[in-house]
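Residue numbers begin at 1 in each chain, while the letters A, B, ... track the order of the sequences.
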Protein chains: 2
Amino acid sequence: MKNNIRVQRAIKNITQAELADLIQVSRQTINTIESGKYVPSTVLALKMARVFDKPVEEIFELEDGD
Amino acid sequence: MKNNIRVQRAIKNITQAELADLIQVSRQTINTIESGKYVPSTVLALKMARVFDKPVEEIFELEDGD
DNA sequence: ACTAAATGTAAAGTATTTTTGATATAAATG
DNA sequence: CATTTATATCAAAAATACTTTACATTTAGT
């Protein structure tokens with residue numbers, strides 16, 4: 001699973017902390033997801049997609065290992 | 001989080017066991033997700049979306065509580 | 001260079017997801 | 001009806017997601 005949350009944040013020009021607030025998780029959760037340390041739940045993925053106004057598939061992408 | 005996995009399975013005419021095989025999880029995992037007992041990871045959501053050839057948003061939907 | 005804001009990281013704990021195995025019920029088919 | 005196939009459920013363990021607190025590092029602006 002890779003993601004381009006950093007890019008999407010850049011487009012919207014919001015910080016990790018702001019995104020965390022918007023989807024009601026801790027800042028560290030955003031940070032660790034963003035840096036690929038773990039895969040978020042579908043609820044978080046949908047919330048991010050909603051914030052960024054992009055389909056989930058455009059933010060999260062399956063990789064070979066998955 | 002609600003989902004319409006059962007409907008999507010019906011459209012493709014596959015069993016829980018077959019879907020489980022296709023996305024490499026146990027049959028129980030499909031069953032419990034399908035019956036709303038828990039929220040799957042984004043990896044599972046993306047895999048299902050791929051199997052059903054539908055965007056994640058069309059299979060999983062956020063609810064008020066989420 | 002100094003400062004403040006943003007990001008990275010770590011440890012410890014809680015909560016949730018997923019698996020496995022077993023069993024039960026329901027639905028479909030001969 | 002009897003048998004097979006599909007779905008539901010349960011309990012316990014393993015794995016993973018998420019929180020909190022706290023501190024270190026990087027980045028950007030002045």
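Comparing the local axis fitted to the first five base pairs of the helix from C/dA1-D/dT30 to C/dG30-D/dC1 with the one fitted to its last five gives a bend of 60°, rounded to 10°.
Using a 4.0 Å cutoff on non-hydrogen atoms, the parts of residues 21-39 of chain A near DNA chain C are A/Arg27, A/Gln28, A/Asn31, A/Lys37, ordered by number. Of all the residues in residues 7-15 of chain A, A/Arg9, A/Thr15 reach under 4.0 Å from DNA chain C with at least one non-hydrogen atom. For the segment residues 42-66 of chain A, no residue has any heavy atom less than 4.0 angstrom from an atom of DNA chain C.
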- Task: Please report the C-alpha distance between A/Leu22 and A/Ile14 in whole Å, then the side-chain angles of each, then the deciding distance to 0.1 Å, and finally whether the side chain to side chain contact (heavy atoms under 4.5 Å, CB included) criterion is met.
- Result: CA-CA 10 Å; A/Leu22 284 170; A/Ile14 59 177; 4.1 Å; yes
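Every residue two or more places apart in sequence or in another chain that forms a salt bridge (charged side-chain N to carboxylate O under 4.0 Å, His left out) with A/Arg6 is listed here: A/Glu34. Taking B/Glu61 as the reference, B/Lys2 meet the side-chain contact (heavy atoms from CB on, under 4.5 Å) condition, with sequence neighbours excluded. Residues meeting the side-chain contact (heavy atoms from CB on, under 4.5 Å) test with B/Thr32, sequence neighbours left out: B/Lys37, B/Tyr38. Contacts of B/Ser26 classified as side chain to side chain donor-acceptor pair (under 3.5 Å), with partners at least two apart in sequence or in another chain: B/Thr29.
Pairs of residues two or more places apart, or lying in two chains, that qualify as side-chain hydrogen bond (donor to acceptor under 3.5 Å, both in side chains) and include a residue from residues 46-57 of chain A are A/Gln8-A/Lys54. The salt bridge (Lys or Arg N to Asp or Glu O under 4.0 Å) pairs that include a residue from residues 18-30 of chain B number zero, where partners must be two or more places apart or lie in different chains.
Think of the region where chain A sits on DNA chain D: with heavy atoms and a 4.0 Å cut, that region ends 5' and 3' at D/dA17 to D/dA22. First and last contacts of DNA chain C with chain A, using any nucleotide atom under 4.0 Å from a protein heavy atom and ordered 5' to 3', fall at C/dA6 to C/dA10.
Counting only distance, with no hydrogens or angles, the side chain of B/Asn3 and the backbone of B/Ile33 share a donor-acceptor pair below 3.5 Å.
A side-chain contact (heavy atoms from CB on, under 4.5 Å) with A/Leu46 is found for exactly one of B/Leu62, B/Val39, B/Thr42, B/Asp66, namely B/Leu62. Looking at B/Ile11, B/Leu19, B/Val7 one by one, the single match for side-chain contact (heavy atoms from CB on, under 4.5 Å) with B/Phe52 turns out to be B/Leu19.
Between the OG atom in B/Ser35 and the CD atom in B/Gln16 there is a gap of 8.0 Å [rounded to 0.5 Å].
Across all their heavy atoms, A/Met1 and B/Val43 have their closest contact at CG-CG2, 3.1 Å. Closest approach of A/Ala49 to A/Ile59, counting heavy atoms only: CA-CD1, 3.5 Å.
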